[in-house]
Amino acid sequence: MVLDDTYQKKILLLIHRTMNTSEISTPELDSKSWNIENNDEFKYGHRVGFLFGLIIGDYMTTYDKFPPEEDLFEIKDILKKRIDEIKSSVLDYYFYYRN
């Protein structure tokens with residue numbers, strides 16, 4: 001592991017809080033042109049990309065630099081390990097029920 005334990009825990013907390021809130025929306029989620037209710041891969045990819053962007057932004061704020069390649073790989077691995085939480089998040093409200 002390249003990232004220190006404290007920052008790894010911060011990432012996990014960020015994932016958990018983001019996936020368990022109904023307060024997050026993005027322009028992509030509001031767009032009807034995506035037909036997202038019929039495309040699971042798009043939904044999960046959008047969520048992972050959204051989280052990846054949040055984590056990178058937080059990393060840059062925390063460390064005042066863009067993450068090096070080894071940190072990016074570790075962040076990706078952390079997200080992959082949390083895929084079940086990401087897939088079952090309450091953000092599904094926006095993907096399935098939004099008109």
Q: Treating Ile, Leu, Val, Met, Phe, Trp and Tyr as nodes and any side-chain heavy-atom pair under 4.5 angstrom as an edge, say whether L51 and F73 lie in one connected cluster.
A: no

Q: Answer yes if L13 and I75 sit in the same cluster of Ile, Leu, Val, Met, Phe, Trp and Tyr residues linked by side chain heavy atoms under 4.5 Å apart, and no otherwise.
A: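 Not linked; separate clusters.
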
Rounded distance [0.5 Å steps], [atom1] in [X] versus [atom2] in [Y]:
| X | Y | atom1 | atom2 | result |
| --- | --- | --- | --- | --- |
| L72 | I55 | CG | CD1 | 10.5 Å |
| T61 | I56 | OG1 | CD1 | 12.0 Å |
| L79 | I15 | CG | CD1 | 4.5 Å |
| T62 | D4 | OG1 | CG | 9.5 Å |

(Q) List the residues meeting side chain to side chain contact (heavy atoms under 4.5 Å, CB included) with L12, not counting sequence neighbours, and say none if there are none. (A) I78, R82

Q | Partners passing side chain to side chain contact (heavy atoms under 4.5 Å, CB included) against K9 (at least two apart in sequence or in another chain) | A |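 Checked K9 against side chain to side chain contact (heavy atoms under 4.5 Å, CB included); zero matches.
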
Q) What pairs meet the salt bridge (Lys or Arg N to Asp or Glu O under 4.0 Å) rule with one or both residues in residues 57-69, with sequence neighbours excluded? A)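 Checked against salt bridge (Lys or Arg N to Asp or Glu O under 4.0 Å) - neighbours excluded - the pairs reaching residues 57-69 are K10-D58.
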
Q. Do the non-hydrogen side-chain atoms of P67 and E74 ever get within less than 4.5 Å of each other?
A.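 The answer is no, as the side chains (C-beta and beyond) never meet within the 4.5 Å cut-off.
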
**Q.** Counterpart residues, ring pair (Phe, Tyr, Trp, His ring centres under 6.0 Å), relative to Y63 (two or more places apart)
**A.**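 Expected list: Y7, Y59.
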
Q.
Determine whether a donor-acceptor pair (N or O, by modelled atom type, separation under 3.5 Å) exists between the side chain of Q8 and the backbone of L3.
A.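 It does hold such a pair.
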
